[in-house]
S.K.: 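I have a structure here, written as structure tokens, and I will follow up with some questions on it.
Lettering of chains follows the sequences in order, A, B, ..., and the numbering in each one begins at 1. All of these numbers come straight from a predicted model, not from anything done at the bench.
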Protein chains: 2
Amino acid sequence: MSAGGDRERTWQAGPVRVRVTLPRREERPPKERLTRERIVDTAMALMASKGYDAVSMRSLAKALDTGPASLYQHVANRDELDQLVIDRIARQLEIPEPDPEHWAEQLKDVLRQMRDLYHEHPGSARAAMAQIPTMEGSMRAAEGIMAICVAGGISPQAAAWMCDLAALYVSAVGYEESLWVQRQNSTAPGEEPDHEAIDAEMVELWNQLPPELFPLLTKYAPEMTAGDGQDRFEFAADVLVSGLAAVSEKYR
Amino acid sequence: MSAGGDRERTWQAGPVRVRVTLPRREERPPKERLTRERIVDTAMALMASKGYDAVSMRSLAKALDTGPASLYQHVANRDELDQLVIDRIARQLEIPEPDPEHWAEQLKDVLRQMRDLYHEHPGSARAAMAQIPTMEGSMRAAEGIMAICVAGGISPQAAAWMCDLAALYVSAVGYEESLWVQRQNSTAPGEEPDHEAIDAEMVELWNQLPPELFPLLTKYAPEMTAGDGQDRFEFAADVLVSGLAAVSEKYR
DNA sequence: ACCTGAACACCGTTCAAGT
DNA sequence: ACCTGAACACCGTTCAAGT
């Protein structure tokens, strides 16, 4: 019952017996203090386990064992919460040291990283889309893309607009993926998406297409349904990077 | 008070006096019958005048002078309503007769048309993003893009994946624009967006950037903030089309 | 067959009152 | 300074009852 008391720990490290007194960490006294940190942590955990739609000011408050009003002491509103979440995620981006010889592959790597971050944090893409990116985390992505492109000889104007285009595309992809996931496991939340079920649904959809109205979609149904999200993303990254190289001089 | 009675109209057409009895159109008897048509019309009008967020099953019902439950007789749910709305909009796409010589310009034209449709129907991009496109209207865009690309010698696989990429990018642009509009005139809804105010806010944002953390964003602030939505869209369309041409053979 | 009032289980946000 | 109960003005959807 000694809530909040100092904690001791002892263990054997080889021949030595170690005994430390841990600093008085808040270890759940009746009520742990609410902080932005804790709110964002909990929001991310909730989003990861139950999806974006499961995160509301009220459900979040309940997860923190308090009432919705308490959150407004630390977070201006729902919008700012979303912003804090995607900021936290964007900080994990690792921008490579620009290498002029390999700018194209480096740029693709950053795009892949962005996609992976959205993927690892299901629902985060929806939070990213719902806002105009203004926070430090999102700015780092832009700074990194600029560095890679400029080092690679891309004109600054083309590189600058590419930051926009890339961010928009990647978040849209993440958003779309989250829709499939949400739809597919609306019954069993928190599960991995069942790619086979999704594919089956897709194929079904294409088979029902009236050929008189959509001759080409019918003819090229195999191409339209070919590949998974990975393949399509690689294609898109390829198009974006090749396109950037192709038009760079026009926007000098 | 003769609700629902036949209507007569007479007028002078040159020397002739014309008198017609109009067919008994439902002209608002106590209650006009609810139809999908009327529901979608009203939803689009509401969205255009007050934005996507102003359209709810309840507000829509009120605009139709009924209760929310009545809508469910004609529309499965909110999701289907969104689908019907963007289907209606997508039908307005005019696919050009494919001309192999000018496939690139034709493809850009279709992208511009898509962007313009979202722009003309504020909020529709948000409805488009919120769903996996499955309806006839959206399929027409894909059919048209395939026709133009294949005529232009693009490999079917690259063309097929381009349909995805293009739709995703254009709807994301529309979505982002709707966020600015909504933010900017949250006080005065239904107004044209104030581009100067938006630009001023953007510039302000860039000026506050710490140069130690973001040397390139600071150095290239003019490029980062250059151009309006139109310029950026033209750049993106250029990148996408040039990129498609560049990678087409790789995805044969 | 179509419509509807009332209810259910939710939202975000505010504010006065508490510690 | 921080927290909170209660309230306000909303959501989407269902269902039994009405015409």
S.K.: Can you give one letter per nucleotide of nucleotides 6-19 of chain C, 5' to 3': B if a protein heavy atom sits under 4.0 Å from the base, S if only from the sugar-phosphate, - if neither?
M.R.: -B---BBBBB----
S.K.: Partner of dT19(D) by Watson-Crick or G-U wobble geometry, both contacts under 3.5 Å, or none?
M.R.: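 The answer is dA1(C), by the H-bond criterion.
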S.K.: Please determine whether a side-chain nitrogen or oxygen atom of H74(B) lies at a distance below 4.0 Å from atom OP1 or OP2 of dC2(C).
M.R.: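 No, H74(B) has no side-chain N/O under 4.0 Å of OP1/OP2 on dC2(C).
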S.K.: Can a side chain N or O of T66(B) be found less than 4.0 Å away from OP1 or OP2 on dT4(C)?
M.R.: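 For dT4(C), OP1/OP2 do have a side-chain N/O of T66(B) under 4.0 Å.
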S.K.: Under 3.5 Å for both donor-acceptor distances, Watson-Crick or wobble: does dT13(D) have a partner, and if so which one?
M.R.: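 With both distances under 3.5 Å, dT13(D) matches dA7(C).
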S.K.: Start with the C-alpha distance between Q131(B) and L179(A), add both sets of side-chain angles, then the distance that settles side-chain contact (heavy atoms from CB on, under 4.5 Å), and finish with yes or no.
M.R.: CA-CA 7 Å; Q131(B) 71 194 254; L179(A) 291 179; 5.6 Å; no
S.K.: Has R78(A) got its NZ or CZ under 6.0 Å from the middle of the six-membered ring of Y52(A), at an angle within 45 degrees of the ring axis?
M.R.: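 Output yes; distance and angle both within limits.
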S.K.: Has R126(B) got a side-chain atom pairing as donor or acceptor with S171(B)'s backbone, closer than 3.5 angstrom?
M.R.: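 Side chain of R126(B) to backbone of S171(B), a donor-acceptor pair under 3.5 Å: no, none is there.
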S.K.: Closest approach of M57(B) and N77(B), non-hydrogen atoms and distance?
M.R.: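 Looks like CE-C, 4.3 Å.
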S.K.: Please report the distance, rounded to the nearest Å, between CG in L34(A) and P in dT4(D).
M.R.: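 That distance rounds to 8 Å.
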S.K.: Taking atom C1' of dT4(D) as reference, at what distance in whole Å does atom CG of L64(A) sit?
M.R.: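 From L64(A) CG to dT4(D) C1': 14 Å.
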S.K.: When rounded to the nearest Å, what value does the distance between C1' atoms of dC3(D) and dC15(C) take?
M.R.: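 My reading of the C1' atoms in dC3(D) and dC15(C) gives 13 Å.
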S.K.: What integer number of Å spans the P atoms of dA9(C) and dA9(D)?
M.R.: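 Comparing P positions in dA9(C) and dA9(D) gives a spacing of 23 Å.
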S.K.: Rounded to the Å, how far apart are L71(A) CG and dC2(D) C1'?
M.R.: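 Checked: the CG to C1' distance equals 13 Å.
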S.K.: Is it true that R115(B) and E177(B) make a salt bridge, defined as a side-chain N closer than 4.0 Å to a carboxylate O?
M.R.: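 Answer for the salt bridge query: no.
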S.K.: Find the distance between CE (M129(B)) and CD1 (I86(B)) and round it off to the nearest 0.5 Å.
M.R.: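 Rounded to the nearest 0.5 Å, the CE-CD1 separation comes out at 11.0 Å.
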